[in-house]
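Within every chain, numbering begins at 1; the chains are lettered A, B, ... in the order of the sequence lines, protein sequences first and strands thereafter. Every heavy atom of this structure was used, including side-chain atoms; hydrogens, water molecules and symmetry mates were not.
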Amino acid sequence: METTLQNALKAAFEELFNHQVDEIELQPTRKEFEGAYTFVMFSFLKAVRQKPEELGQKLGDYLVQNLPEVSGYNVANKGFLNISLSEKVWIDAFAQMAKNENFGQLPAQNQKVMVEYSSPNTNKPLHLGHLRNNFLGYSVAKILEAAGYEVVKANLVNDRGVHICKSMLAYVKFGHGETPESSGTKGDHLIGKYYVEFDKRMKEQVKPILAQVAQGDFSLFTSAEQQNIVTYQTKIAKIQQSVEQEQKNLPALKGQLLASFDQDFQDLFNEWENSNLITSSTFKKHIDGATFGKKQAPLVKLIRKIIKLYNSIGKEEGNIKQLANNKTALMGEVTQMLQKWEAKDPDTIALWKKMNGWVYDGFNATYKAIGVDFDQMYYESETYLLGKEIIDDGLNQGLFYTKPDGSVWSKLPADVSPNDKLLLRSNGTSVYMTQDLGTADEKYKDHQIDKSIYVIGNEQDYHCVVLFQILKDLGRPYAKGLYHLSYGMVDLPTGKMKSREGTVIDADDLLLEVKKTAQDRTDALGKLEGMSDAEKEEIYRIISLGALKYTLLRVDPKKRMLFDKNESVDFQGDAGPFVQMNYVRTRSILRKAASLGIDTTKGWQVADLHPMESELIMLLQQYEQVIADAAGLVDPKMGYNPSLIAQYAYNLAKTYSQFFAECPILKTPDQSAESMERRKFRIALSTKTGEVIKKALGLLGIEVPERM
RNA sequence: GGUUCCAUAGCUCAACUGGAUAGAGCAACUGCCUUCUAAGCAGUAGGUUGAAGGUUCGAGUCCUUCUGGAAUCACCA
C-alpha cells in the first residue's frame, strides 16, 4: 500500500507539475490527526512553486481520483498532507493477514549471520551485565531469523589465562577438596568464591610491597617498571598539588555556606573533611542525588572537584598496585601454573578440566533457566593459539612489522588509532587481539558466514574497531560483514557494578528474587486457583522471566541503563507482564467463544470499523516493517535493536487493552446476522492480535502463559 | 591530556534520524469491577529537552563553545 501511494505521488508530481521526484517518504500519521499516511511537503514547495494548501489539495485530489483505496485527505499545519484510506482497505488487509500463518516471517535473505554473545569468564558466575548481553544476543538472533537470515548463535568461552589460574591456585591452597556436591554450592559460584579468596590473599601480600614502594625502594621491579612507577608517582604528586590548591578555598567557603545545608549534608561533610578528604562514595552519592540552591553551588562544586581529583589519584595508585601485585608470591605461583598449563602438565590440566566442568554445569543451569542457547561453542583454550598464521600473512603483506625485541605490531590508519597495536609479545606468545583475529578466521572457516555480529559491551569499542580494521586491511572476505553490537553498561543506583566492592547483582539470585515477586503478585490476584503446583510454578517462571527480559530489552541497547532492583522489574504498565496479560486475554476470549459454541473457523463479513478496530489493524500491519527495522534491513546502524520490538509489543498490547475495554467482543446487542458477523470478526481480530503478541514477545525470548 | 559516547517530566525510558501541540510507564490525585482476566480502562497534574550562540521554512535531533557525567587509550583479558 505504501509503495502504491509513493508511486501515485510521484506520478502526480510529474503529471501536475512536470516535476521529477526520486524519493517520496511517507510516515504513519500521528494519532492526533485524521489519516493513515502522512506526506511532508515542505521540501517540495519551492520546486513546484505552490503554496502548501494548494499543493496539498492538488495532490490529495489526484490521489482520491486515481486510487480507489484513498478515501480522503486533509492538509494540516501548512505542509502535512494526511492521507486517509477507506475502511475496506483495512478490512481486506486484515482478512489477508488473518489467513497468513507465516505472518511475521520475512522472505529468505539467503545469507548466514553469526551472533556471538554471552562469552563468559569461567572464573565467576554470571551477573546482571551478562543478563543484558545474553538477552540481547538471543533476541537479535531471533529477530534476524524472522527477518529471513540463517542464524548461528555462538558462544566464545574465556576458559584460560591468568584469571582462571587465580581461582585454580586458590582452590588448591585453600579449598581442602571442596566440591559442588560437598558444599551444596553451584559450580560457578564455588569457583567464584575462590577467585574472590585469591584476591583477598593477594591484597594481604601486596601491602608490604606497596609500603616498600612508598619508601622509595623499587628494587623488586625491572627498570622499565621502575620508570612507569616514577611516572605514576609524578602524576600523583601533581594531582596532590592541585588538591592542596583547591583545598585552600575550602575553609572560607565552608564558613560561609555550610550552615545553609541540611544536617545530613553537614554531618557527611565533616566526616569527609576529617577523614583527610578521602573519597567517600556515600558523600558523593548524597551530592549527586540532592538538589542545591544557587548560593550553595560554589561549595558543592568545590567538593565535587576535590572528590574527582582524589579519584584520579586512586586510578594512578591502582596502576602501581597492579605492578606490585605481579611481585607477590601468589602471583608468582599463578604464573608458574599458567606455564604448566600451557606445557600441558597432566595434573594442572586435570584440575583445570575438573573445575571448568563445575563451572559449565553452573552456567548451563543458568542458561537453561533464562532460556538461551547456542549452536556453536568456541573455547579460548582451543583458539588461543590461532592467529599465528595471520601474523605471517600480515607480515608478508607489509601490514605488520617486527620490533628489534621480536614483538610484532600492526600499523593502523591514523584516524582509527594513533597507536600501533601489539599482536605478538617479545616472548612469542599471543595477546587477546591475536586470538580474536584467529577466531574470526575460524568462524568463517566453520560457517562461511556473510555477517558476524559481536555482542560486546561498549567498554570494548576500541578493541573492536582495531580488530575489524586489521581484518579489513588483511583483505578478509568477511570483513565488511563484521558488526559490533556495542551495548551500554548496566548501572546500579550505587554506581557501577564492582565485584571487589560486592555491588554485583548475581544472575541466579536476581532470578530467584524476581520469581518470588511474580509468585506473590500472582497469588494475590488469585486467578490460578485450582491449578497444580507444577502448573503454577511454570506460570511464575514465565511471568518473572518476561518481566526481567522486558526491562532489560526495552531500552535502546546502545545506551547505558540504570537498574534499581527494587523498582526496575516492573509488572505494571510498560512491562512484560502487561503484554503477556493481553495475550492471556485473547486466549480467554477464545476459550469462552468455544464454550459458547461459536464457530471461529468460518469467515466473517463486516462493512465498517470501530476506531479501535482500525487502529488495531493498522498496528498489526506494521509488524513486519518493525521486524525489518529491528533487524537492520533498512539501516544497519538503526538495527540489531530488540527495543523496537519491545516498544511495538507494548503498543499492540496497550491498543488491544483499549479495544478490549471499549468494544464488547463476545457480547452482542442483539441476535441479528450483522451482530453475529461482528462478533466473529472481533474474535478473529483478537486471535490475530494474540498471535502477533506471542510472536513479538518470542523475538525477545519471552514466553507467554495461557492464564495468569 | 587525546579519542568516543551521554545529558529529555520527581524517577525509568520514548520521540520513525531535521517535521506537526516533545510522548509512555512509575510515583501523586479523580472516577470505573454483579457483565469477555482491574497485572486493566478513562481522566487530572507534571517540561525553558544541562547552558549560551549558530545553521533554516522548521532543531530534543545538525554545527560551535561551555558545564556536568561515562568509557577507552597496556607485552591485562
_Rounded to whole Å, how long is the line connecting atom CD of A:E706 with atom P of B:U37?_
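Rounded to the whole Å, the gap is 14 Å.
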*Rounded to whole angstrom units, what separation is found between the CD atom of A:E662 and the P atom of B:G43?*
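So the two atoms are 9 Å apart, to the nearest Å.
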Which nucleotide, if any, forms a Watson-Crick or G-U wobble pair with [N], using both distances under 3.5 Å?
N: B:C29; result: B:G43
N: B:U64; result: B:A52
N: B:C5; result: B:G69
N: B:C13; result: B:G23

*Measure from NZ or CZ of A:R160 to the centre of the six-membered ring of A:Y384, then state whether that distance is under 6.0 Å and the direction lies within 45° of the axis.*
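Geometry flag: set, cation within 6.0 Å and 45°.
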What nucleic acid atoms does [X] come within less than 4.0 Å of, heavy atoms only: base, sugar-phosphate, or nothing?
X: A:T38; value: base
X: A:S407; value: base
X: A:N82; value: base
X: A:N158; value: sugar-phosphate

*Verify stack between A:F42 ring and B:G58 base, 5.5 Å, 30 degrees*: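 Given the distance and angle limits, no, they do not stack.
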*asked:* Syn if the chi torsion is within 90° of 0, anti otherwise; quick check, which is B:C33?
replied: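 For B:C33, whose glycosidic angle is within 90° of 0, the conformation is syn.
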*asked:* With rounding to the closest Å, how many angstrom separate the C1' atoms on B:A7 and B:C13?
replied: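 Looking at atom C1' only, B:A7 and B:C13 are 14 Å apart.
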